[in-house]
J.: 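Handing you this structure, nothing more for now.
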2 protein chains.
Amino acid sequence: MRGELFHPDRGDISLDKVLHALSDPIRRDVARTMHRDGPRVCGQLSYPIAKSTLSHHLKVLRESGLMTTEVRGTTRVISLRRDDLEARFPGLLDAVQVTAPAPEEASRAS
Amino acid sequence: MRGELFHPDRGDISLDKVLHALSDPIRRDVARTMHRDGPRVCGQLSYPIAKSTLSHHLKVLRESGLMTTEVRGTTRVISLRRDDLEARFPGLLDAVQVTAPAPEEASRAS
DNA sequence: TATGATGTTTGATCATCATAGAATTTTGAA
DNA sequence: TTCAAAATTCTATGATGATCAAACATCATA
């Protein structure tokens with residue numbers, strides 16, 4: 001936990017990686033939570049998975065360019081890179097229901 | 001090639017599967033081509049991959065709900081399920097640059 | 001009924017991924 | 001300095017995934 005963590009520059013955020021990151025429901029939920037509640041400390045996230053697994057998901061989110069991780073003492077604050085994503089892929093966060101009204105999982109459609 | 005091919009109902013199209021399907025650049029390009037040129041015959045698609053690999057990608061696209069495959073004699077006509085996708089996940093196809101101006105790969109952003 | 005054209009399916013291989021437990025790193029506080 | 005808390009990294013494993021070559025199925029037509 002020495003050097004700085006990798007974050008891609010805005011212009012280097014790739015659609016391939018972003019879509020792959022978003023294809024996992026837990027990662028989408030983390031993104032949604034960051035959007036809804038603002039920056040979070042990792043420990044405040046709770047999912048039925050091991051800590052190391054969550055850590056892996058956070059790494060995928062960070063390296064894809066979806067969020068930033070800021071080291072604050074012994075904790076880490078994660079935030080959605082909303083502006084960068086909106087600039088690079090307008091409408092995407094809305095479309096995947098990260099930012100969005102999106103009440104229940106199954107939006108009536110058919 | 002006997003029975004009918006599986007296509008999920010509009011309401012059963014899952015975001016997980018759609019995003020996974022779209023996370024591959026070849027599959028995104030197939031979707032973009034269908035949108036730009038209308039329904040295509042598979043053989044008109046040309047990528048530097050084996051036929052069987054392309055067939056696999058088309059299956060992923062079809063089973064995710066992104067396109068339909070219609071058997072026409074010895075060929076198959078594939079089409080983008082634009083309306084279904086728009087109804088289920090508004091703005092998604094635009095955001096992932098399937099339907100969109102999207103001139104070059106690297107949209108100036110940073 | 002052969003034959004060719006169009007795709008798919010099968011079988012195999014190598015890579016990537018989600019997952020978890022254990023060990024490790026870092027920091028803050030007793 | 002010792003210890004607890006927070007989170008990552010390491011290591012391993014089972015599941016998917018992308019890929020290709022070869023075999024197969026279907027249809028149209030000579």
Side-chain angles (χ1 to χ4, degrees), chain A residues 1-8 14-31 33-34 37 39-79, chain B residues 1-8 14-31 33-34 37 39-79:
Chain A
M1 291 111 165
R2 187 87 303 228
E4 267 322 295
L5 296 164
F6 170 75
H7 293 88
S14 108
L15 192 48
D16 283 24
K17 285 185 182 147
V18 166
L19 291 178
H20 171 253
L22 290 171
S23 73
D24 182 282
I26 290 187
R27 291 194 290 251
R28 263 201 324 280
D29 195 80
V30 170
T33 299
M34 289 188 288
D37 303 346
R40 302 305 279 167
V41 167
C42 300
Q44 295 178 301
L45 301 169
S46 113
Y47 297 98
I49 57 176
K51 268 182 151 186
S52 51
T53 302
L54 177 57
S55 201
H56 160 72
H57 285 312
L58 296 180
K59 185 179 185 182
V60 172
L61 285 167
R62 175 172 50 76
E63 295 185 338
S64 74
L66 274 161
M67 63 164 228
T68 56
T69 301
E70 195 187 340
V71 180
R72 287 276 182 80
T74 138
T75 68
R76 275 137 170 85
V77 178
I78 57 177
S79 343
Chain B
M1 291 115 166
R2 188 91 301 229
E4 266 326 293
L5 296 165
F6 170 75
H7 294 88
S14 108
L15 191 48
D16 284 23
K17 285 186 182 146
V18 167
L19 291 178
H20 171 253
L22 290 171
S23 71
D24 182 280
I26 290 188
R27 289 194 292 251
R28 264 201 321 280
D29 195 80
V30 170
T33 299
M34 289 188 290
D37 303 345
R40 303 305 280 166
V41 167
C42 300
Q44 295 177 301
L45 301 170
S46 114
Y47 296 98
I49 57 175
K51 267 181 151 185
S52 49
T53 303
L54 178 57
S55 200
H56 160 71
H57 285 313
L58 297 179
K59 185 179 184 182
V60 171
L61 284 167
R62 175 173 50 78
E63 294 185 339
S64 74
L66 274 161
M67 62 164 230
T68 56
T69 300
E70 195 186 339
V71 180
R72 284 280 183 76
T74 139
T75 68
R76 274 134 171 86
V77 177
I78 58 177
S79 343

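By convention in this document, chain letters (A, B, ...) are assigned in the order of the sequence lines, proteins followed by strands, and residues within each chain are numbered from 1.
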J.: Ignoring hydrogens, what is the shortest heavy-atom contact between Asp29(A) and Tyr47(A)? Give both atom names and the distance.
T.: OD2-OH, 2.6 Å

J.: NE2 of His20(B) versus C1' of dT16(D): gap in Å, rounded?
T.: 8 Å

J.: Rounded to whole Å, how long is the line connecting atom CG of Asp16(A) with atom P of dA15(C)?
T.: 19 Å

J.: For DNA chain C, find the residues of residues 44-55 of chain B with a heavy-atom distance under 4.0 Å and give them by number; none if there aren't any.
T.: Lys51(B), Ser52(B), Ser55(B)

J.: Between Arg27(B) (side chain only) and Leu22(B) (backbone N and O only), is there a donor and an acceptor less than 3.5 Å apart?
T.: no

J.: Round to the nearest Å and state the distance from Phe6(B) atom CZ to dT8(C) atom C1'.
T.: 18 Å

J.: Calculate the interatomic distance between Leu5(A) atom CG and dT25(C) atom P; express it in whole Å.
T.: 16 Å

J.: Kindly state which residues belonging to residues 59-74 of chain B come within less than 4.0 angstrom of DNA chain C, counting heavy atoms of the residue only, listed by number.
T.: Thr74(B)

J.: Please report, rounded to the nearest Å, how far the C1' atom of dT16(C) is from the CG atom of Asp24(B).
T.: 13 Å

J.: So which nucleotide does dA30(D) pair with, by the Watson-Crick or G-U wobble rule with both distances under 3.5 Å?
T.: dT1(C)

J.: Does the side chain of Thr69(B) reach to within under 4.5 Å of the side chain of His7(B), using non-hydrogen atoms?
T.: yes

J.: Just how far, in rounded Å, is C1' of dA18(C) from CG of Asp29(A)?
T.: 17 Å

J.: Only one of Val41(B), Leu58(B), Thr33(B) forms a side-chain contact (heavy atoms from CB on, under 4.5 Å) with Ile78(B), so which one is it?
T.: Leu58(B)

J.: Between dT19(C), dT8(C), dA7(D), which one does the side chain of Arg76(B) approach most closely?
T.: dT8(C)

J.: Which atoms form the tightest heavy-atom contact between Ser64(B) and Val18(B), and what is the distance?
T.: O-CG2, 3.5 Å

J.: In this structure, how many angstroms lie between the P atom of dA7(D) and the NE2 atom of His56(A), rounded?
T.: 18 Å

J.: Where is the tightest heavy-atom contact between Leu54(A) and Cys42(A), given as atom of each residue plus distance?
T.: CD2-O, 4.5 Å

J.: Any idea which heavy atoms bring Ile26(B) and Asp24(B) closest together, and the distance?
T.: N-OD1, 2.8 Å

J.: When you measure from the side-chain N and O atoms of His57(A) to the phosphate of dT19(C), is any distance below 4.0 Å, counting only OP1 and OP2?
T.: yes

J.: Using every non-hydrogen atom in the two residues, find where Pro8(B) and Arg62(B) come nearest and quote the distance to one decimal.
T.: CD-O, 3.6 Å

J.: Tell me whether Ser55(B) contacts the main-chain N or O of Ser52(B) through its side chain, where contact means a donor paired with an acceptor under 3.5 Å.
T.: no

